[in-house]
Each structure stands twice: as structure tokens, then as C-alpha cells.
Amino acid sequence: MRSLPLGLQVPGDTVWHRLPTGRKLLGLVLLGVGVVALQGPWLPLLALAAALGVALHAGVPARSLALGVRPLLVLLAVVAALQTWQRGWPVAVEVVATTLTLVVLATTFTATTPTDDLLDAVVRAARVLRPFGVDPERVALTFSLAISSIPVVTTLFTQTREAAKARGLERSPRATLTPFAVRTVAHAHAVGDALAARGLGDPD
Amino acid sequence: MIRFEDAGVTVDTPDGDLAILEPTDLTLTEHRVGVIGANGSGKSTLARLVNGLVSAASGTVRVDGLDVATDGPAVRRRVGFVFTQPAAQLVMPTVLEDVALSLRRHVKDKREREARARAVLADIGLADRADTSVHALSGGQQQLLAIAGVLACEPTVVVADEPTTLLDLRNARAVQERLLSMEQQLLLVTHDLDLARRCDRALVVEDGRVTCDDDPERAVAHYVESALS
Ligand SMILES: Nc1ncnc2c1ncn2[C@@H]1O[C@H](COP(=O)(O)OP(=O)(O)O)[C@@H](O)[C@H]1O
Ligand SMILES: [Mg+2]
């Protein structure tokens, strides 16, 4: 689990590191929308090349990018095959290049942004919702929890699958999914207790 | 100072209320108080009462005079809690950020927050891991980090519920030395009898009751005899 790129910053002093986090986040969202709107095989490929250029310039290691892309490879292969068959190869290229561009941009964003800054940006954005009873700090904490739960839940899944395998039950969904669900809930409870103990659920 | 005034805990069961901690009366003023007992005897319940993770069904629990039931937030600012499972206590992606999270509500200035977090990390020996992922730490380092997150808030009492149970010998030593060397009052639940012997006072919990409250040597002897007889 130690290779997960999430939340791991690449130290550096490039323009991408220095951009204010709020603007960078807004930029990421707008760029994402823009990239999805691109048509045809060539523009998305160009966007992908540009995104890779930004990532390299920001000093993001190729390994981090590969790790971000890896979980999507099978899905992308299936989608590419389907699209080629149904709508021709240009659409397949468009879909795959667009998805890869988004992953590269998102990875670059996390790599160049300290999570604490991200939380501050989220807090500022969520302040707009304060009149509706939303606690901005809590929104930010939820964000951060969601990010940091991913590696833990992945580990739980691997462990449950290994335990099932050790008993020759790897083909039984009940032997893997049931304990996985139970352990995930147990973990959530433990995290909740730890948050409460740190006073993070208490009013100011 | 921790005070239990006839504090008891019950849980709802289909067959009615079940007492998991009988009403208990204790005044804990010693620097380090150990809690030992079999699995399921009620040690965690006792420990969790101190910061309100478990509520007393009867009686009162006080920390420095504050009632846990009515002054929960103020009590939790005074009481740090270290859990058994290291990973479940760490919330932020990197080491420094996790300590800084503890400080978010008290220290609004980001630079000061970071400086204080770094100081706490240096003190606990994790300064060189400040920017690593919390998932890349060993279990023992994660537990030290959890302690750092607790100490950053400058509590007056630290409650630790089997903090070394899941650690190997070397990591357990590091964690236990750190806990024993704190100036804070420590309520320490443990299965490590040598560790219990190093406390100033020890409680033995059996079947939801504190059956022995004595100096650690005698409490350990009591526990060993009743567990193995
Ligand atoms: N929420 C609950 N509902 C029902 N039983 C509980 C609950 N919490 C604890 N218990 C029971 O209370 C007893 C004491 O638990 P605990 O304090 O965790 O023991 P210890 O920490 O000494 O192992 C155990 O038998 C446990 O099963
Ligand atoms: Mg326990």
C-alpha cells in the first residue's frame, strides 16, 4: 500500500506548486469540463500530451502517473474495444485519451497540493453554504477522510481475499464480501471513535 | 485527576439491560495507573468512560472536576486517547498533516500550526518522516504518530487502551517508553504485566468489576492467581 500516490506531494517550487490552491482547484474543474467536451481523436490526444507535459514539468514521477492509471486499464481496454466496434476507432481514442487526461491532471493536482491547503480551499468554498447550517471544517474533514480511507479499504479487501483463499473459498462471494463489509464497517466505527476522541466532532 | 463516582455502564440486550461495568467508585491521582484483566472483562469500557466515548448509565465521571456527561468537549480537550489499532487513528494522508489536524481548531495560523506539529514530531522521533504517507509507516511508528497527535493538543490526561498489543517487541518498547516518560497523567490498559508493574497503581477488572485496586506488584499477583486458578 506504500506506493499509493494519494496525498503524496512531490516537493518542488514550480509554477504548479505556487498556484493558489483555490484557483488551482477551480482550474482543474474547468479544465476537466473542457477536456470532456473535446471531440474527435486528435484534440483529446493533444490535451493528453499537454497534461503529460504539465505533469512532467511539475516533477510528478512517471511511477505515480502509472499508479493512477493502472486501476483503470482493464476498464479502458473494454471501453475501447466496445467503442471501436460500435462507433469506430476515433471515438474509442477520444474516450480513452479524455479519461487518461483527467487522471493525469488529477494526479498532478494532488502531487503539487498539500492536503492542508486543499482543506483550507474546501473550507473557504464551503463557507458559502454556512447560512444553510453547513460546518465548513466538517466538510473539509469529510473530504480528507474519503481520500485517506481508500488505501485502508483496499488493504482490508486484500486481507479478506487472502483469508478466503487460505481456506480455499476464494470463489465464494459470501466468504469474501461479507467479512469485507463487516471489517469495513468496523474500521469506520474505529475511525469514528478516534475522531470523537480527538474532539473533531465537538462544536468550537 | 480522574474521578469515578459510582459510575456504571449497561447495554441494551433483547433480555433487558446488561451491566458491563458495575457501579465503580475511584479517585485516580497517581501519575500512572495501570488497568489489567481478561479479554471482555470491561477494561475498555472503563477507559472509554473517561472521555465520553462510553456514557455512564449511572453515576458520574469527572476529569479535573469537569463532568464528562455535561462538559464533553472541555473534557476531550484535556484527555488524549490512544487506541489499540494504529491505522484507525490516523486521518490525514501525511505524517505532518495528521499532527496538524489535531491543532486545526486551536491554532488558526497555518505556519504556526505546521511549526508546532514539527516540534511535536521531532520530540517523538519522527521528524524525518514528516512528509511521508501515514500508510508507509510501520505499526509502531503509526502508534507513535497517534501519540504525537494526542500530545500536540497538550492534554492533562492520556488514556491508552492496549497501545502495544499489536506491536512487535521493539516497537512496543518505543511506544511504552514514550508513554511512561510523559508528564501527563496516564491511564494505561495493558496485557503486558511488566508494563503494569511499572505503574504507580494498578486496577484489576474482572467480569465488569474492579476486583483489586492496589500497588502494581500485588495487583498483578492477584490477577495472575485469579486468571490461572
Ligand atoms: N455496545 C456493546 N453491546 C453489547 N456488549 C458490549 C458492548 N460493548 C462492550 N460489550 C461487552 O462488554 C464486555 C466488556 O467489554 P470491554 O470493555 O471491551 O472489555 P475488554 O476491553 O476488557 O476486553 C464484553 O463482554 C463485551 O462483549
Ligand atoms: Mg478492550
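We name chains A, B, ... by the order of the sequence lines, and we start the count at 1 in each one.
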Between [X] and [Y], which heavy-atom pair has the shortest distance, and what is it?
| X | Y | answer |
| --- | --- | --- |
| B:Gln89 | A:Arg198 | O-NH1, 3.0 Å |
| A:Asp193 | B:Leu53 | O-CD2, 3.7 Å |
| A:Ala194 | B:Ala88 | CB-O, 3.8 Å |

Taking everything shown except [X] itself, do over 12 heavy atoms lie less than 6.0 Å from its [atom1]?
| X | atom1 | result |
| --- | --- | --- |
| A:His189 | NE2 | no |
| B:Glu177 | CD | yes |
| B:Asp207 | CG | no |
| A:Arg18 | CZ | yes |

Interface residue of largest heavy-atom contact number with chain A, from B:Asn51, B:Val82, B:Leu101, B:Val79, under 4.5 Å: B:Leu101
Can you list, pair by pair, the side-chain donor-acceptor contacts under 3.5 Å of residues 61-75 of chain B, counting residues two or more places apart and other chains?
unit_1, atom_1, unit_2, atom_2, d
B:Arg62, NE, B:Glu5, OE2, 3.2
B:Asp64, OD1, B:Met1, N, 2.8
B:Asp64, OD2, B:Arg78, NE, 3.3
B:Asp64, OD2, B:Thr156, OG1, 3.1
B:Asp67, OD1, B:Ala69, N, 2.8

Name the region of B:Gln85, side chain, backbone, both or neither, that has any atom closer than 4.5 Å to a heavy atom of chain A. neither
Contacting region of B:Asp161 [heavy-atom separation from chain A under 4.5 Å]: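 Nothing of B:Asp161, per the 4.5 Å heavy-atom cut-off to chain A.
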Distance-only, no hydrogens or angles: does the B:Arg104 side chain make a donor-acceptor pair with backbone N or O of A:Leu200 under 3.5 Å?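 No; zero donor-acceptor contacts below 3.5 Å.
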Side chain to side chain contact (heavy atoms under 4.5 Å, CB included) between B:His135 and A:Thr155, intermediate numbers included: CA-CA 10 Å; B:His135 304 289; A:Thr155 309; over 6 Å; no
Could you note down all residue pairs passing ring pair (Phe, Tyr, Trp, His ring centres under 6.0 Å) where residues 75-99 of chain B supplies at least one of them, sequence neighbours left out? B:Phe81-B:Phe83
